[in-house]
Amino acid sequence: MAPEPDALLDMAGRLRLVVSALLRRVRDVRSFPLTQAAALNTLARDGATSIGDLARDQKVRPQSMAQIVSELEQGGFVTRAADPSDGRRVLISITPVGLETLAEERRERDGWLAAELGQSCTKAELDALAAALPALERIAAAE
């Protein structure tokens, strides 16, 4: 039997609040500002792209993305190269250092969360969270 609509609304509100708060806590465990991390993650996932396309993807102005890319380039996390199909266009690519730094950051965030789960949850709560993961993954993937 499905829960009542009011109970679902209450659950949805509580879930939204707790997921948002948890996401904020996880995001605090990072070595990059959020804008830089988002750009690096996009480059790691999608490959080389232009500053304009990266700006559109991140929903920021091209001038802001140019500054973000410049800071990442100074740190050795990205490189610029001419587009082989259009020499007037510049493509931004993530470097091996950028990829390793992203991987290390993920390990740190996962480690922080694992430690919190281990300290804050009972075995029964951990089992319940594990059982809820497939449903949460389906909801997150829904369009």
Side-chain angles (χ1 to χ4, degrees), residues 1-73 75 77-86 88-143:
M1 184 166 157
E4 294 294 319
D6 287 346
L8 281 175
L9 278 174
D10 181 58
M11 184 187 308
R14 290 178 62 199
L15 183 59
R16 178 183 48 77
L17 290 173
V18 75
V19 167
S20 296
L22 184 57
L23 184 56
R24 278 192 300 279
R25 299 262 331 261
V26 169
R27 283 183 174 164
D28 285 344
V29 181
R30 68 173 54 254
S31 52
F32 291 107
L34 185 57
T35 54
Q36 289 181 2
L40 283 175
N41 277 307
T42 297
L43 291 169
R45 182 189 66 232
D46 299 340
T49 192
S50 70
I51 286 178
D53 289 344
L54 196 53
R56 268 189 296 288
D57 181 78
Q58 300 300 309
K59 297 178 177 50
V60 299
R61 294 176 308 135
Q63 298 86 342
S64 298
M65 185 53 66
Q67 179 63 38
I68 292 166
V69 167
S70 178
E71 292 165 359
L72 289 169
E73 186 176 31
F77 304 111
V78 300
T79 59
R80 299 174 197 241
D83 184 335
S85 64
D86 181 353
R88 298 167 297 172
R89 185 175 140 128
V90 174
L91 296 178
I92 310 304
S93 299
I94 191 166
T95 65
V97 170
L99 287 169
E100 180 52 39
T101 303
L102 278 180
E104 176 61 29
E105 200 170 80
R106 283 187 197 111
R107 285 189 295 272
E108 287 177 23
R109 287 193 310 264
D110 290 350
W112 173 84
L113 186 53
E116 286 295 317
L117 289 169
Q119 293 172 9
S120 302
C121 298
T122 65
K123 169 83 167 82
E125 289 169 331
L126 290 172
D127 290 345
L129 285 171
L133 282 175
L136 293 171
E137 289 167 342
R138 278 193 310 277
I139 293 166
E143 293 187 27

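Positions are given from 1 along the sequence.
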Are any of the side-chain heavy atoms of [X] and [Y] separated by less than 4.5 Å?
X	Y	result
Val69	Leu54	yes
Leu72	Phe32	yes
Asp57	Arg45	yes
Pro84	Leu91	yes
Leu113	Val29	no

If you measure only the distance, is there a donor-acceptor pair under 3.5 Å linking the side chains of Gln67 and Gln63?
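Not at all, the side chains of Gln67 and Gln63 share no donor-acceptor pair under 3.5 Å.
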Rounded at 0.5 Å granularity, tell me how far [atom1] in [X] sits from [atom2] in [Y].
X	Y	atom1	atom2	answer
Met65	Ile68	CE	CD1	4.5 Å
Leu40	Thr101	CG	OG1	8.0 Å
Thr95	Glu100	OG1	CD	10.5 Å
Leu8	Leu15	CG	CG	11.5 Å
Glu104	Arg30	CD	CZ	13.5 Å
Ile51	Gln58	CD1	CD	13.0 Å

Please step through side chain to side chain contact (heavy atoms under 4.5 Å, CB included) for the pair Asp53 and Arg89, ending with a clear verdict.
CA-CA 11 Å; Asp53 289 344; Arg89 185 175 140 128; 3.5 Å; yes
Where do [X] and [Y] come nearest, in terms of heavy atoms and distance?
X	Y	result
Trp112	Arg25	CZ2-NH2, 3.2 Å
Ser93	Leu43	C-CD1, 4.5 Å
Val78	Glu73	CG2-N, 3.5 Å
Cys121	Glu125	CA-OE1, 3.2 Å

Could you tell me whether Arg24 and Asp28 have a side-chain N and a carboxylate O separated by less than 4.0 Å?
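Answer for the salt bridge query: no.
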Closer than 3.5 angstrom, by distance alone: can the side chain of Asn41 be matched with the main-chain N or O of Ala37 as a donor-acceptor pair?
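Present.
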Please check if atom CZ in Arg14 has more than 12 non-hydrogen atoms from other residues, nucleotides or ligands closer than 6.0 Å.
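Atom CZ in Arg14 is not packed in, count stays at 12 or less.
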